[in-house]
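Below is one structure; the comments refer to it alone.
Worth saying up front: this structure is predicted, and the values here are computed from it rather than measured. Throughout, a chain's letter reflects where its sequence line sits, starting with A, and its residues are numbered from 1.
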Amino acid sequence: MGVRDTQKQATRGRVLAAARDLFDAAGFEATTTRQIADRAGVAVGSVFTTFASKAEILSQVMVDRLEALYAELERVAPHLRGPTVDRLRSLMAIHYSFEMRRARLFVAYIAASYGWPLDGAVTPLGQNKRLQEMLGEQLRRGIEAGDVRPDADVPLFIEALLAAYFWNYRRVVQEGADAAALTAIMDRQLGLLFEGVAARP
Amino acid sequence: MNHIPARILAAPGRPLTRRALAKLQTRQRVLNAAKALFTERGYEGATIRDIAAAAGMSTGAVFASFSDKSDLFNEVIIADYEATLDAMREAAAREAGTAGALSALFTVAYEFHLAQLPLAQAGISVSWSRSPAAEQRNREGLRPMIGLVSDVLSRGVERGELPHDLDVRLIGEMIWDSYLSNYRRAAYDGWALEALVDRLNDQIGVILAGSRKAA
């Protein structure tokens, strides 16, 4: 890698780290690219040679976080034991535990993804393919194990589960809920949703 | 939008003073202008200065009725909740079963908000970043609508369609969140009324599937 490329990579890394901290502290709208540049110790111009917009910076911050989260999940998922509903609970608990370490950042991301004007650079939620696949895998194991109905509408179940998972984060804004509170609610919601796909003995 | 919420009016039987009436009219002018600008420019894009100008008054006059932009936005959204509530209640009352009643009341809501989609979107976005005080106020405004969903579910329990130990609150919240989540489809993928309603019906089906089995 040439000197220029190395510098560009370094700038990119600093900008992403600065943006992550600022979005976490103050949210998306309130954070300016100038603030990001200042904190990263780079010129505002440099920010824009690497990223097209503030929204793109946020998207990249979240993509990078996903790498860390999925490394953790992929380690854990094959070793999960017990009834399918409990394996699903474990996966969702890991999500809450991870994201709640930077709760404001995640909430800022959700807010931005509904933001105005629509910005294609902020990836719409719920399109997280890896999570859908991971959940789908657990349900397939459940069908094989006999605690999930073979004719269960798996995609619809996963969609409902993901909707509940994301919208639970509103309780962070509304009630100052922590990871434990969100997990407790998710556990009940999962139990409820799972009744619709559970195999009868 | 001329609907004046009952809570704003003076005690029943007592006529409004001219001053109070003037204040109400000012308030309504500001709300109308605010709604138009929030719809056109979103929450961040609309300023108090522009809203005041559009209403033909000073920013001072706006601040006499509303504490800040967040407060003003909240009141626009809540006025819309109140405007749709009666129609939603009537639509639900016309249906025999729980699924039908829920579908009917949310159809009214979707139809209303699709006509002003940018505002609905702004409303959802802002709800993720409100202050606790604004959140409290919004929750108050939303209560009758959430109550309507709970009523429909409770009637289902009474009819034996749903189990007696149904967690009405949890299910009501999940249904409400599903309703909101579909605005993403409208905004990003251009889904129209029928598609949104069909999707919500499927989601409600999943949410109630386990409960129905237990009934």
Next on the checklist: Is it true that, when you exclude R169(B) itself, more than 12 heavy atoms of the residues, nucleotides or ligands shown sit nearer than 6.0 Å to its CZ?
Outcome noted: no
Checklist outcome for this item: Given V172(A), L192(A), V107(A), the one with more heavy-atom pairs under 4.5 angstrom with chain B than any other is L192(A)
Item to check | Contacting region of Q136(B) [heavy-atom separation from chain A under 4.5 Å] | outcome: neither
Next on the checklist: If you count heavy atoms of other groups shown closer than 6.0 angstrom to CZ of R159(B), is the number above 12?
Outcome noted: yes
Checklist outcome for this item: By residue number, those in residues 174-189 of chain A with heavy atoms under 4.5 Å from heavy atoms of chain B are Q174(A), E175(A), I185(A), R188(A), Q189(A)
Checklist entry - How many angstroms lie between CH2 in W128(B) and OH in Y109(A), if you round to the nearest 0.5 Å? => result 12.0 Å
Checklist entry - Step by step, would you call D202(B) with E159(A) a side chain to side chain contact (heavy atoms under 4.5 Å, CB included)? => result CA-CA 10 Å; D202(B) 286 345; E159(A) 195 196 299; over 6 Å; no
Next on the checklist: Once side-chain hydrogen bond (donor to acceptor under 3.5 Å, both in side chains) is applied, do any residues pair with T47(B), and if so which ones, sequence neighbours excluded?
Outcome noted: D50(B)
Item to check | W176(B) vs W167(A) side-chain heavy atoms within contact, under 4.5 Å | outcome: no
Checklist entry - Stepwise, does the side chain to side chain contact (heavy atoms under 4.5 Å, CB included) test hold for R171(A) with E173(B)? => result CA-CA 11 Å; R171(A) 297 162 195 267; E173(B) 284 168 357; 2.7 Å; yes
Checklist outcome for this item: On a heavy-atom basis, the closest approach of G196(A) and A209(B) is CA-CB, 3.7 Å
Checklist entry - If you count heavy-atom pairs under 4.5 Å between each of I207(B), D167(B), L180(B) and chain A, which one has the most? => result L180(B)
Checklist entry - Contact part of N138(B) toward chain A, heavy-atom cut-off under 4.5 Å: side chain, backbone, both or neither? => result neither
Checklist outcome for this item: The interface call for S131(B) against chain A, heavy-atom contacts under 4.5 Å, is neither
Checklist outcome for this item: Looking only at heavy atoms, the pair that brings V173(A) and S129(B) closest together is CG1-N, 4.4 Å
